[in-house]
Amino acid sequence: MEDPALSAPASAAALPGARARDAGRVLRLVGVFVAFAWCWRILLLIGRAQGQLAWFDLRGFLVDAWLALLLGLACSGRRHLAALVALGWAAVSYLVFQHVDILGVLPNVGHAEFLGDATFMEGSVKSVRFIPLLVLTLVLAPLGAWRAAKAAQGARSLEVGLGALALSLLVAVLPIQSGPALWRQTNALATLPADLFGSEALVVSDDPAVEAAIASVFSADLSGAPLARAPGQRRAKNVLLLVVERLSAAYVKQGQQTQGIDYGIHLEGLEHLADEHLFFPNFFSHQAQSNRGLYSLLAGEHPHLRTATSKMTEVTTGTRERGAYLPKSLSQAGYRTAFLESTPLHFMGMGQFMRHAGFDLVQDSSSVINPRAYGGWGVDDGSLLDHTASVIEGLERGSQPWFVTVFTAGTHDPYTIPDASFRAGESDFARSFHYLDKVLGEFLAGLKERGVLEETLVLITCDESAGLPASYEGALERLDKNWGFLLAIAPEGWKGQDTAAWGQADLALSILDYLGLEQEARRFGGRSVFRRYETPRDFYLGNTYTRQLAVFSKEGTLALFDERLNLTSSRAFDPKALLRLGEHRPAPPRLREQLALQGLRDRRLAH
């Protein structure tokens with residue numbers, strides 16, 4: 001019989017070794033989860049950050065490891081669960097990679113509605129990259145997790161649990177920086193609680209002072225002096241609104257020079273037009289996504305600045321009522337109206353909304369005959385513009401003035417370019433914009449040759465902005481993702497640059513003001529780009545991707561807020577170049593209140 005006095009020390013000596021083996025078996029499972037998360041993170045850093053690491057990237061790797069530790073502990077010894085979780089983890093890690101690779105930002109749970117849309121899925125599937133690596137991870141992740149979980153069966157590791165707790169505390173004390181991209185500092189799964197529960201509820205008040213404050217910030221302002229016309233000069237009778245997917249002033253020399261940046265893309269056709277006509281280098285989209293941008297352009301009001309169901313969707317589902325839309329106002333003034341886009345009309349409920357907004361004719365790619373190319377988002381930009389020229393030719397045969405809105409999509413990933421040899425050697429992103437630049441020039445030249453431009457106001461703008469590469473994001477506080485484009489071609493021959501702050505919500509009022517429909521213009525918000533104002537104004541932006549709100553105050557302070565309206569940064573800016581940012585400057589206290597009031601106003605109008 002064994003002497004108890006001898007066996008007790010032997011058991012005690014074996015205990016640390018057993019614990020180490022248990023910890024090692026659990027950590028092997030954790031390593032499976034870590035490996036696949038870090039694989040895609042490293043690829044993003046190589047692609048979007050040019051392989052340049054910064055100290056805040058450490059936080060991103062640590063968050064991945066923390067989540068992997070939690071998953072490893074939860075699945076230890078549970079083979080089937082571990083395999084399923086690993087498969088889901090690998091798939092989600094790739095989907096996040098794909099989203100960040102294309103848009104430069106983490107996905108948001110509020111955008112999950114698009115997963116059920118066939119057009120969105122078709123366009124997304126066609127832009128899939130690294131397919132062999134994806135297949136390999138989807139095979140190896142569940143297999144590796146199964147084997148590691150089997151080896152860890154029966155293992156109990158207090159050390160790994162304590163490590164997860166320590167890592168949780170470390171992640172908690174490392175603050176997220178407001179300048180660098182969020183994807184470099186965290187994991188999409190770690191942002192889920194904030195996405196689901198983070199928005200601060202706004203208390204509805206019946207105080208008349210609240211209503212007055214809202215009206216003063218977001219109502220129509222026609223107090224500026226109209227641009228001068230030569231004696232006898234008639235204004236245009238027709239309006240052509242060209243909305244280019246993700247276009248930014250960053251892609252023309254005039255925009256780059258204004259903001260003091262140097263970027264490799266130069267769209268020479270648009271640069272020539274900017275020299276010869278009226279260009280607005282400080283034009284911004286108020287939000288991200290096409291449905292929000294188109295809504296602002298045509299409804300003449302801000303979108304939801306914080307993440308929420310888009311107002312366009314609220315209109316089409318009957319939860320929001322609005323009586324004033326630009327096409328409806330022009331129809332009532334005797335205009336014939338048309339909306340043409342390449343993307344199928346059912347996507348985002350665009351077709352339903354455009355008919356509700358008052359367009360007589362609403363068409364998508366299905367109306368384009370013999371397109372040059374067809375991609376995930378519809379026909380190429382050249383084919384859509386050819387079709388637009390035919391529609392305008394038909395409208396010109398009538399006696400009524402017309403308003404035509406065209407929405408292109410060829411510059412959205414995966415990009416639709418008919419000629420594979422066109423500017424070979426450049427990125428598909430650059431090629432798509434150069435192709436748009438080329439066919440847009442040809443389209444406008446055709447209109448000029450037929451005399452259409454002699455009596456047509458042409459506005460070239462964007463639905464949202466693709467912005468700049470990651471290397472610019474810190475210096476520009478990620479506001480490049482709102483930096484849009486506006487150029488006006490008018491028979492009056494106006495030319496030069498207007499460096500005031502302008503946004504999409506200004507366009508509806510501006511068009512009606514230009515046409516002399518001032519009373520109708522007062523039903524919309526904003527200022528007119530065809531007037532000059534003596535004083536600046538507070539100017540508001542949001543971005544559902546970056547989860548950031550911004551206010552350019554009339555005092556010259558840029559205030560940045562998160563979606564809970566916590567102030568994250570406050571800097572001076574150049575009022576003639578809004579993205580030239582200076583040193584820290586205290587933010588006026590009213591800015592946060594006005595953001596809250598705007599949200600309150602939006603919720604009152606929805607039901």
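Everything numeric in this text was worked out from a predicted model, so none of it was measured.
Side-chain contact check for Gln594 and Tyr540: at least one donor-acceptor pair (N or O, by modelled atom type) lies under 3.5 Å. Under 3.5 Å, the side chains of Tyr435 and Asp380 contain a donor-acceptor pair of N or O atoms. Between the side chains of Asn282 and Gln259, a donor-acceptor pair is found at a separation under 3.5 Å. Judged purely by distance below 3.5 Å, without hydrogens or angles, the side chains of Asn291 and Ser310 pair a donor atom with an acceptor atom.
With hydrogens and angles disregarded, no donor-acceptor distance shorter than 3.5 Å links the side chain of Thr408 to the backbone of Gly410. Under the 3.5 Å distance criterion, the side-chain polar atoms of Ser365 are matched with a main-chain donor or acceptor of Val379. Looking at Trp38, its side chain does come within 3.5 Å of a backbone N or O of Phe61 through a donor-acceptor pair. With Arg28 contributing its side chain and Gly144 its backbone, the two residues share no donor-acceptor pair below 3.5 Å. The main-chain N or O of Ser421 is found under 3.5 Å from a side-chain atom of Asp419 such that the two form a donor-acceptor pair. Without hydrogens or angle criteria, Ser296 side chain to Gln504 main chain gives no donor-acceptor distance under 3.5 Å. Between the side chain of Thr313 and the backbone N or O of Thr309 there is no donor-acceptor pair closer than 3.5 Å. Proximity of a side-chain donor or acceptor of Thr557 to a complementary backbone N or O of Arg571 within less than 3.5 Å is not detected. Between the Glu341 side chain and the Phe407 main chain, no donor and acceptor come within less than 3.5 Å of each other. Remark: the backbone N or O of Arg246 is paired with a side-chain donor or acceptor of Asp463 at under 3.5 angstrom.
By the ring pair (Phe, Tyr, Trp, His ring centres under 6.0 Å) test, His412 is found to be paired with Trp377, residues two or more places apart in sequence or in another chain being considered.
Note: Thr546 OG1 to Glu563 CD = 8.0 Å, rounded to the nearest 0.5 Å. Rounding to the nearest 0.5 Å places CG of Leu560 at 4.5 Å from OG of Ser569. Annotation: the span from Leu579 atom CG to Asn482 atom CG amounts to 9.5 Å, rounded to 0.5 Å. Interatomic distance, Leu479 CG to Asn543 CG, rounded to the nearest 0.5 Å: 9.0 Å. In this structure, CG on Leu468 lies 6.0 Å from OH on Tyr263, to the nearest 0.5 angstrom.
Relative ring orientation between Tyr251 and Phe429 is described as perpendicular, the plane-to-plane angle rising above 60° on a 0-90° scale split at 30° and 60°.
Contact annotation: the side chain of Glu245 never approaches that of Cys462 to less than 4.5 Å [non-hydrogen atoms, C-beta and beyond]. Using a 4.5 Å heavy-atom threshold, the side chains of Thr416 and Asp381 count as separate. Looking at Leu549 and Leu565, their side chains come closer than 4.5 Å, going by heavy atoms from C-beta outward. Phe97 places a side-chain heavy atom less than 4.5 Å from the side chain of Leu43. Annotation: side chain of Arg41 is in contact with side chain of Leu45 (closest heavy-atom distance under 4.5 Å). Inter-residue side-chain proximity for Leu106 and Tyr545 is flagged as unmet; no heavy-atom pair is nearer than 4.5 Å.
In this structure, Arg547 does not pair ionically with Asp562, as no charged nitrogen and carboxylate oxygen lie closer than 4.0 Å.
Between His304 and the choices Arg292, Gln287, Glu314, His286, the side chain to side chain donor-acceptor pair (under 3.5 Å) rule is met once, by Glu314.
Aromatic ring centres of Tyr295 and Phe353: separated by under 6.0 Å. The ring of Phe36 has its center no closer than 6.0 angstrom to the ring center of Trp89. Checked against the 6.0 Å centroid criterion, the rings of Phe552 and Phe573 qualify as a close aromatic pair.
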request  = For the pair Thr343 and Asp364, evaluate side-chain contact (heavy atoms from CB on, under 4.5 Å) and give the outcome as yes or no after the intermediate values.
outcome  = CA-CA 6 Å; Thr343 306; Asp364 61 11; over 6 Å; no

message = Show, in sequence, the C-alpha distance, side-chain angles and deciding distance for Leu70 and Trp66, and conclude whether the side-chain contact (heavy atoms from CB on, under 4.5 Å) test is met.
response = CA-CA 6 Å; Leu70 297 180; Trp66 168 62; 3.7 Å; yes

